[in-house]
Every structure is written in structure tokens, then in C-alpha cells.
Amino acid sequence: MNVAIIIAGGSGHRMGQDIPKQFINVCDKPVLIYTLEGFQRHPQIDAIEVVCIDGWHDVVWAYAKQFNISKLKWIVSGGNSSQESIRNGVFYLEDKCDAEDTIIIHDGIRPLVDAAVLADVIVKCRQHGNAVTSLPYNEQIFVTDDEISTVQYIPRETLRRVSTPQAYKFGKLDSAYHEAFEKGIGIQGSSYTNTMMVELGERLYFAAGSDKNIKLTTMDDLEMFKAYLNADKDTWLK
């Protein structure tokens, strides 16, 4: 079984909006629904769980009914951080998933998940036990110790930029979150599942990525999303 955990617990403060950014309407549809539709349409996804901020659960159920997101099976309350939210979603599945089931974690504010990217992350996870969406890093990276100069750079050929979707076998993922929160490893600040796994000693495997897979954090990101929609209405405005 392939189960998607969609993280929709953000507040949207950096957007400067009165509602969480995942619920902002774009072309008469909430951002979160674009994300869910990508998983709903994908033939390899069996079920969807949304981790959502409190007070919005009924809204998500209503939107799911309105936009025919029939694979949505569970809505779970988020935590005070991304890691707490993901943990809540993983722990909720403990009596619903088997150890070999594939869990795909994805940000609710990445609404342009590509079907080929989603398929590749599932395939790579089956092969290796985990997979993280990634792309080459095309800019030069320099290291500074005084913020105004540098004498050291990092060869970009050694770098990859990663995002969601990320996929993990449920048994390993569940035990990793128990260990991480019991020991306080990989759960602070901007930590995410991938960085936590590395801190716990796991080797991660790369899957395909897409430049379209933008994260809607600022108003500029939202305008870029609208531009993608306008450029490809047949795909995204069904």
C-alpha cells in the first residue's frame, strides 16, 4: 500500500494573509486541493492522510467532498513544528499500515507535484527503502566566516537540493520518529524527515525532481504558481 501524508499545518504568516496559505484560493480552488488532486489522480496512491491545523479539519473534509478527493481517509491534528506534525501523522498510521507499506510525505503548499516525480519516488523507495526528491544545484556556493569575503567554495557537482515528496518504508519511518523524539535527534529548528534520517545514521537515496515543484512561502511564490497554472490550464484546471 502507498499512503500519502500531506502536511498542511502552516499558518501562512510570511504570506501576510488572514488564512493559512494552504487554504488561499487560486482560480476558485484552495492551494491544498491542487496538491491533493495530484495524489488523487495518481494510480499508485491508495490513501491520503492530511495533517492539518486545528479548527480546519471540517473545512478540509468539505473541500475533499466538493472536489472529489475520495482517497482522503484521515485528518490528523498537527503539532508546533513540521517535525511534530509529521510525527503525529506517522504515529496515527501505526494500526493502519504494515512495515513494508510506502509512506510518501509531501508539503501541502507544493501544489504542482508531477506524476512522474511521484512515481519515481515510489519506485526508488521500493528499491532502497527510502527516496527523496532531488535536483542538481546549479548555482555556485561559497563559504564565508566573516559575511563579507570568502576563500572557499563547495563544488556544485557534490550538491543536490531536495524537497518533497519523500518516501519511506513505514516500519523504518515509524521507528525513526520514536527514536528521534525520545533522544531529541533531528527534530529541532528547520529539521525535516530527510535531515532527521541522516542524523540517525540512515543513507538516503535520490529520486527525480522538477523545477515546477515550488513551495508557496511568499507572495512571489504564489504569483509564480498562478503563472504555471495559466501556462498549463488543461493539466491543472480540470
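No experiment lies behind these values; they were computed from the predicted model shown.
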* Asked: At what distance, to the nearest 0.5 angstrom, does CZ of R87 lie from OH of Y177?
  -> 10.0 Å
* Please indicate whether N25 has more than 12 foreign heavy atoms, meaning atoms of other residues, nucleotides or ligands, lying under 6.0 Å from its CG. => yes
* To do: Go through the steps to decide whether I69 and V60 satisfy the test side-chain contact (heavy atoms from CB on, under 4.5 Å), and finish with yes or no.
  => CA-CA 10 Å; I69 310 298; V60 175; over 6 Å; no
* Taking the side chain from D101 and the backbone from D98, do they hold a donor-acceptor pair closer than 3.5 Å? -> yes
* Is the count of non-hydrogen atoms from other residues, nucleotides or ligands lying under 6.0 Å from K226 atom NZ greater than 12? -> yes
* Between D221 and R110, is the closest basic N to carboxylate O distance under 4.0 Å? -> no
* Please check if atom NZ in K172 has more than 12 non-hydrogen atoms from other residues, nucleotides or ligands closer than 6.0 Å. => no
* Asked: Do the side chains of M197 and F91 join up, straight or via other hydrophobic residues, at under 4.5 Å, putting them in one cluster?
  -> yes
* Asked: For the hydrophobic clusters of this structure (ILVMFWY residues joined by side-chain heavy atoms under 4.5 Å, transitively), does one cluster hold both M219 and L229?
  -> yes
* Asked: Between NZ of K183 and CD of E179, what distance do you get to the nearest 0.5 Å?
  -> 4.0 Å
* With distance as the sole test, does R156 use its side chain to make a donor-acceptor pair with the main-chain N or O of N138 at under 3.5 Å? -> yes
* Asked: Can E49 and K96 be counted as an ion pair, charged N to O under 4.0 angstrom?
  -> no
* In Å, rounded to the nearest 0.5 Å, how long is the span from CG of L118 to NE2 of H106? -> 8.5 Å
* **Check against side chain to side chain donor-acceptor pair (under 3.5 Å), N88 and S85** => CA-CA 5 Å; N88 291 357; S85 293; 5.6 Å; no
* **Donor-acceptor contact below 3.5 Å, side chain Q22 vs main chain A8** => yes
* Asked: Do side-chain atoms of D114 reach the backbone of N213 as a donor and acceptor pair under 3.5 angstrom?
  -> no
* Structure fact -> In this structure, CG of N130 is separated from CZ of F206 (nearest 0.5 Å) by 10.5 Å
* Test side-chain contact (heavy atoms from CB on, under 4.5 Å) on I75 and W56 and set out the steps. => CA-CA 10 Å; I75 298 178; W56 289 84; over 6 Å; no
* Can you find a heavy atom in the side chain of I104 that is under 4.5 Å from one in the side chain of C125? -> no
* Asked: Hey, any chance Y168 and M196 share a hydrophobic cluster, counting ILVMFWY side chains that come within less than 4.5 Å of each other, even indirectly?
  -> yes
* Which atoms form the tightest heavy-atom contact between S134 and V162, and what is the distance? -> CB-CG1, 3.8 Å
* Just do the side-chain contact (heavy atoms from CB on, under 4.5 Å) check on I86 and I5 with the steps written out, would you? => CA-CA 8 Å; I86 299 170; I5 299 179; 5.5 Å; no
* With the side chain counted from C-beta on, respond yes when T102 and K169 share a heavy-atom pair under 4.5 Å apart, and no when they do not. => yes
* Distance-only, no hydrogens or angles: does the Q83 side chain make a donor-acceptor pair with backbone N or O of Q188 under 3.5 Å? -> no
* Structure fact -> Value for NZ (K21) from CG (L32), rounded to nearest 0.5 Å, stands at 13.0 Å
* To do: Would you name the heavy atoms of A119 and Q44 that are closest together and state the gap between them?
  => CB-OE1, 3.6 Å
* Asked: Roughly how far apart are E182 CD and I187 CD1, rounded to 0.5 Å?
  -> 10.5 Å
* Asked: Can you check side chain to side chain donor-acceptor pair (under 3.5 Å) on D146 and T144, steps first, answer last?
  -> CA-CA 6 Å; D146 62 4; T144 180; 3.1 Å; yes
* When hydrophobic residues are tied together by side-chain contacts of less than 4.5 Å, even through go-betweens, does L204 share a cluster with V90? -> yes
* To do: Name the orientation class of the two ring planes belonging to Y34 and F225 (parallel below 30°, tilted from 30 to 60°, perpendicular beyond 60°).
  => perpendicular
* Which atom pair, heavy atoms only, marks the closest approach of A64 to L72? -> CB-CD2, 3.6 Å
* **V50 vs L36 side-chain heavy atoms within contact, under 4.5 Å** => yes
* Shortest non-hydrogen contact from S210 toward V117 -> CB-CG2, 3.9 Å
* Name the orientation class of the two ring planes belonging to F142 and Y153 (parallel below 30°, tilted from 30 to 60°, perpendicular beyond 60°). => tilted
* Asked: Can you find a heavy atom in the side chain of V51 that is under 4.5 Å from one in the side chain of Y92?
  -> no
* Asked: Do any N or O atoms from the side chain of D120 and from the backbone of G209 form a donor-acceptor pair under 3.5 angstrom?
  -> no
* Structure fact -> Heavy-atom nearest pair, R126 first then N2, reads NH2-ND2, 3.3 Å
* State, yes or no, whether a side-chain contact exists between W61 and C52 at a heavy-atom distance under 4.5 Å. => no
* Within a reach of under 6.0 Å around CD of E94, are more than 12 heavy atoms found that belong to other residues, nucleotides or ligands? -> yes
* Asked: Does some side-chain heavy atom of E37 sit less than 4.5 Å from a side-chain heavy atom of F67?
  -> yes
* Asked: In terms of hydrophobic clusters joined by side-chain contacts under 4.5 Å, are I33 and I24 together?
  -> yes
* Do you know the tightest heavy-atom contact between G9 and I53? -> O-CG2, 2.8 Å
* Validation row: F23, V31 side chains within 4.5 angstrom (heavy atoms) -> no
* For the residue pair I105 and Y192, establish whether any side-chain heavy-atom pair is separated by less than 4.5 Å. => yes
* Taking the side chain from K71 and the backbone from Q40, do they hold a donor-acceptor pair closer than 3.5 Å? -> yes
* Donor-acceptor under 3.5 Å (T133 side chain, A207 main chain) -> no
